[in-house]
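Structure record follows, encoded as structure tokens.
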There are 2 protein chains.
Amino acid sequence: MWERGVAMYRTRLDRENEPGVKKVSRSVIRRLPVYLRVLDNLIGNDVEVISSRELSERTGFTAEQIRKDLAHFGAFGTKGTGYNTEALRSEILKIIGLHEKTAVIVVGAGHLGTALTRYNVNKNPYTHVVAAFDTSPEVVGDKILDVEVLHVSEMEEVVSKHNVRVAILAVPSEHAQAAADQVAGSGVKVIFNFAPLWVRAPDGVFVHNADLSVELQSLIYYATKEREKAH
Amino acid sequence: MWERGVAMYRTRLDRENEPGVKKVSRSVIRRLPVYLRVLDNLIGNDVEVISSRELSERTGFTAEQIRKDLAHFGAFGTKGTGYNTEALRSEILKIIGLHEKTAVIVVGAGHLGTALTRYNVNKNPYTHVVAAFDTSPEVVGDKILDVEVLHVSEMEEVVSKHNVRVAILAVPSEHAQAAADQVAGSGVKVIFNFAPLWVRAPDGVFVHNADLSVELQSLIYYATKEREKAH
DNA sequence: CAAGACATGTTACTTTATTAACAAGGTAAT
DNA sequence: ATTACCTTGTTAATAAAGTAACATGTCTTG
């Protein structure tokens with residue numbers, strides 16, 4: 001009775017230390033799509049198995065780090081052999097949530113928004129830009145490749161209809177926060193913001209600010225000093 | 001004699017641990033331009049003094065972190081008061097190397113390259129795009145705002161003439177590595193690469209790969225799960 | 001001019017991330 | 001079947017980054 005009681009208590013503590021979902025760091029999540037791209041290439045070349053050491057050579061990350069990253073989510077490899085490329089690809093797709101094509105909207109159909117729409121449509125097999133939005137009558141109604149530019153008033157309907165969870169923001173900074181509020185209000189869960197302003201969003205909405213000016217300015221630090229390579 | 005010998009030995013070891021220049025992490029360097037932007041705004045509004053606490057509210061970083069970041073480079077504040085906005089701005093400019101306008105080239109004058117050229121010219125007071133480059137006769141000779149599109153064969157001359165140390169790469173991935181080799185060969189010290197491929201460069205050249213597809217894919221992870229905000 | 005309030009910069013602590021080491025499992029060849 | 005060789009996944013050690021605490025110094029106010 002006592003031993004059993006103690007054992008049960010310990011178990012409860014262990015559960016508390018590992019509260020349901022183990023939290024995985026942003027750094028790990030960022031590396032997963034890099035593994036994915038390499039796997040896509042390998043599969044395209046009919047390579048069926050890959051070791052962490054070979055993945056290391058193709059990604060620049062260390063083999064230990066790759067194994068550890070994957071271990072966060074399960075044991076996908078075979079000792080002595082490595083990872084089956086198809087199986088690992090499939091697992092990573094499931095982890096990220098790319099197993100079905102993700103609907104994305106682009107807000108702001110200026111030069112940057114247009115370029116990002118084309119870039120994404122052409123370069124990314126896992127996401128799909130369902131529409132771009134703008135307020136200017138000059139661009140509303142246009143098409144960017146096969147993507148229609150709609151008026152922002154139609155955003156909520158489109159988001160709802162296509163179950164859009166990701167928005168790319170490429171509007172002038174003076175409208176960025178308002179645009180962020182609107183997309184968040186429409187039900188979007190992730191905002192990828194290119195405006196040179198750090199937008200805020202309610203809890204539950206994940207914001208990634210990709211301020212290219214700030215990024216460029218930070219890089220200039222390395223233009224004068226002799227330093228190691230990035231990433 | 002013995003004690004002195006030991007003491008000297010220890011000192012030598014300490015020096016080796018701290019080799020002349022103290023290394024400052026990428027994370028710190030990335031935050032500096034954010035402080036800079038806030039300072040620019042404050043100065044525009046004739047604010048002369050700012051505390052780390054107020055900077056914290058405007059940047060989202062903690063006050064402790066801001067103080068610690070700045071402390072890497074010196075003591076710029078006044079106890080009891082805070083930081084003089086003009087003076088701190090000036091210090092950060094010197095730290096990053098932005099005290100004189102930095103010459104930048106854009107390689108690849110497609111949609112993304114054009115958008116980045118316009119974005120940078122309009123949004124960034126500290127850098128100056130001196131030219132864009134392409135190989136296609138259709139775009140060579142065009143102008144993007146007031147930036148000329150030149151043939152890549154002229155790159156080395158332009159880089160040398162304007163002392164260009166930073167290149168933005170926006171070429172198709174199949175040409176990215178060749179383009180990186182060429183700009184590195186021209187004497188550029190920093191490569192900001194937007195091609196969906198991790199380019200490599202010789203030692204002494206700092207590469208930052210900004211693969212937007214990979215970034216977007218990693219964000220999708222947060223579209224399904226409930227998670228905290230980024231950055 | 002003394003005292004209270006305030007903010008920096010430094011040092012110590014905690015947390016997180018990366019690197020290394022290794023035990024256990026699996027393959028292939030003899 | 002046994003041996004030699006690989007490679008994974010886990011645990012341990014190291015390094016890095018972020019957070020907190022506080023001693024020191026400055027300003028302001030009565």
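Just the heavy atoms: all of them, side chains too, but no hydrogens, waters or symmetry mates, feed the values below. Every chain is numbered from 1, with letters handed out A, B, ... down the list of sequences.
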[X] side-chain proximity, nearest of [options]:
X	options	answer
B:K68	C:dC22, C:dT8, C:dT11	C:dT11
B:T62	C:dG25, D:dT19, D:dT24	D:dT19
B:Y83	C:dT10, D:dG9, C:dT8	C:dT8
A:Q65	D:dT8, C:dT19, C:dG26	C:dT19
A:R31	C:dA7, D:dC27, C:dT18	C:dT18

Mind listing the side-chain donor-acceptor pairs of residues 163-179 of chain A below 3.5 Å, one per line with the distance, residues two or more places apart or on another chain?
residue	atom	partner	partner atom	Å
A:Q177	OE1	A:R200	N	3.0
A:Q177	NE2	A:D181	OD1	2.8
A:Q177	NE2	A:R200	O	2.9

Toward the 5' end of DNA chain C, by each residue's nearest nucleotide, A:T81 or B:T81: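 Its nucleotide being nearer the 5' end, the pick is B:T81.
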Polar side chain donor-acceptor pair, A:N124 to B:Q217, under 3.5 angstrom: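 Yes.
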B:S51 and B:E54 side chains, donor-acceptor separation under 3.5 Å: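 The answer is yes; a qualifying pair exists.
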Any residue of residues 34-48 of chain A with a heavy atom less than 4.0 Å from an atom of DNA chain D: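 Within this stretch, nothing sits under 4.0 Å of the strand.
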Pairs satisfying side-chain hydrogen bond (donor to acceptor under 3.5 Å, both in side chains), at least one member in residues 66-80 of chain B, at least two apart: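 Listed by first then second residue: B:R31-B:D69, B:Y35-B:D69, B:S52-B:R67.
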Parallel, tilted or perpendicular: ring planes of A:F61 versus B:W198, cut at 30 and 60 degrees: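 Perpendicular, since the angle between the ring planes exceeds 60°.
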Without decimals, in angstroms, what is the distance between [X] [atom1] and [N] [atom2]?
X	N	atom1	atom2	answer
B:R67	D:dG25	CZ	C1'	14 Å
B:L88	C:dG9	CG	C1'	14 Å
A:I29	C:dA17	CD1	P	11 Å

Main-chain N/O of B:Q182 paired to B:S186 side chain as donor or acceptor, under 3.5 Å: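 At least one qualifying donor-acceptor pair exists.
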